[in-house]
Amino acid sequence: MNEQERREHLRSARPDTLAVRAGQSRGPEGEHSEALFLTSSYVFDSASQAAARFSGEEAGNVYSRYTNPTVRNFEERIAALEGAEQAVATASGMAAMLTACMSWLSAGDHILCSRGVFGSTTVLLNRFIVRFGVEVSYVDPVDYAGWRSLLRPRTRLLFLETPCNPTIEIVDIARVAEIARAAGAVLVVDNCFLTPALQRPLDLGADVVMHSATKYIDGQGRVLGGVLCGRRDLLEQATAFMRSAGPCLSPFNAWVLLKGLETLRLRMEAHSASALSLARWLQGQAGVLVVNHCGLESHPQHALALRQQRGFGGVMSFELEGGQAAAWRFIDATRLLSITANLGDAKSTIVHPASTTHGRLSESERAQQGIRGGLVRVAVGLEDIEDLREDLARGLAALRG
Ligand SMILES: Cc1ncc(COP(=O)(O)O)c(C=O)c1O
């Protein structure tokens, strides 16, 4: 079977097959594992071929800021999993967000952004993107009348994360997609917490999915990466920006992420099962005011999570009695969890959002997002659940002592 036939055959393949087979172009050596092309540039047979490649008259690689076979393999695989026409990989999740803004917006345009987004997303928009004459406003992510009423004539981009970081509210993607469509705006959904293994925003009407591939797609905390997946017309513009501006994914990182996709569903199911079990256990503990995990029946959008997602994910947060002092005491008492802002790692992580990931926001911005001093976020990894429970119990014991 040749390359073309193999690709044709994969068109009808199911997600688990796509996760290990899509986006593989086998070279002349017949290698079974995907090849890693660590090269910045490509050699041409002649001056005329170089000219034809540069002008686009002849298809083929020119320079790795433009295209790289390993990066392309990653883009094809993640696009297949998200059900997207095309993808463009970036150096990090934030580079993906920057690429989205620079590719699709002009001075005078307006972004309507959910309040429940990653801290650096807010900083990028408020401190940098606004300097180019783009207006930004924020909306309570689960206030759909608010999404509608805050639209402006020049609203071009709606942006949301679901589950929200770190408060784990669930946003109804289909409802916001309808609002975006009526306004002629592009809806971008950050799908980093759930990944295509558990949620496919494009199926629900979003135009573009964004990832920090640094998280679950890698899954082992090794590399930074990002990606935008979606409609071909939008992705062509993003590709054009990438080629000129250069926030591109390194081929080595692309290779790591490509292999990460092969085990993504299995890992996401294990993360989700452990997180739900720990969230249930934490809910009844003294000193814990509230546990935020969308798998809990008590979660305000649990029914929506059941409808919209294929699993609940591995991230939860909880608020402790006693504010920041209690949160820090809890975190410092743990022995197994890594105190780090990353998530989506095989190793469980714990962080105090108000003083780290969301520390650059003003107090009022944090208050609007519901990020109080006592809030702790845990991204549950793949360790033995009993060891994790014992570690969280150490944190709780420190609150009493
Ligand atoms: C939900 C979410 N989106 C985007 C990002 C940014 O991704 P990166 O760190 O790869 O730039 C993060 C990073 O922590 C995140 O948690």
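The first residue of the sequence shown is numbered 1, and numbering continues consecutively from there. Note that ligands are numbered from 1 as they come in the structure, with each ligand's atoms numbered from 1 the same way.
Protein heavy atom in closest approach to atom 4 (C) of ligand 1: Asp190 OD2, 3.5 Å. Nearest protein heavy-atom neighbour of atom 1 (C) of ligand 1: Glu161 OE1, 3.3 Å. For atom 5 (C) of ligand 1, the closest non-hydrogen atom of the protein is Phe118 CD2, 3.4 Å. The protein non-hydrogen atom at the shortest distance from atom 9 (O) of ligand 1 is Lys215 NZ, 3.5 Å. Shortest contact from atom 8 (P) of ligand 1 to any protein heavy atom: Gly93 N, 3.3 Å. Closest to atom 11 (O) of ligand 1 among all protein heavy atoms lies Met94 N, 2.9 Å. From the protein, the heavy atom lying nearest to atom 16 (O) of ligand 1 is Asn165 ND2, 3.7 Å.
Under the 3.5 Å distance criterion, with hydrogens and angles disregarded, no donor-acceptor pair is assigned to the side chains of Glu161 and Ser114.
Between Phe312 and His299, a ring centre-to-centre spacing not shorter than 6.0 Å is recorded. When ring centroids are compared, Phe54 and Tyr63 stay outside the 6.0 Å threshold.
Leu158 pairs with exactly one of Ile111, Val188, Val186, Leu151 by the side-chain contact (heavy atoms from CB on, under 4.5 Å) rule, that one being Leu151.
Considering only heavy atoms from C-beta on, Leu388 comes within 4.5 Å of Leu337 through its side chain. Between His110 and Val136, the closest side-chain pair of non-hydrogen atoms is not below 4.5 Å.
Ligand 1 has no atom lying under 4.0 Å from any heavy atom of Ser120. Heavy atoms of Ala341 come nearer than 4.0 angstrom to ligand 1 in no pair at all.
Distances below 4.0 Å separate heavy atoms of Gly225 from the following atoms of ligand 1: 10 (O). Which parts of ligand 1 touch Ser92 is read off a 4.0 Å heavy-atom cut-off, strictly below it: atoms 10 (O), 11 (O).
For Asp190, there are no salt bridge (charged side-chain N to carboxylate O under 4.0 Å, His left out) partners two or more places apart in sequence or in a different chain.
At distances below 3.5 Å, at least one donor-acceptor pair connects side-chain atoms of Trp147 with backbone N or O atoms of Pro141.
Considering backbone and side-chain atoms alike, Thr214 places an N or O below 3.5 Å from some N or O of ligand 1. For ligand 1, the polar-atom distance check finds no N/O of Cys192 at less than 3.5 Å from any of the ligand's N/O atoms.
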List the atom pairs, donor and acceptor, that lie under 3.5 Å between side-chain atoms in residues 224-238 and the rest of the protein, sequence neighbours left out.
unit_1: Arg231; atom_1: NE; unit_2: Asp233; atom_2: OD1; d: 3.0
unit_1: Arg231; atom_1: NH1; unit_2: Asp207; atom_2: OD1; d: 3.0
unit_1: Arg231; atom_1: NH2; unit_2: Asp233; atom_2: OD2; d: 2.9
unit_1: Arg232; atom_1: NE; unit_2: Gln86; atom_2: OE1; d: 3.1
unit_1: Arg232; atom_1: NH2; unit_2: Glu85; atom_2: O; d: 3.1

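Neither the backbone nor the side chain of Met97 has a heavy atom within less than 4.0 Å of ligand 1.
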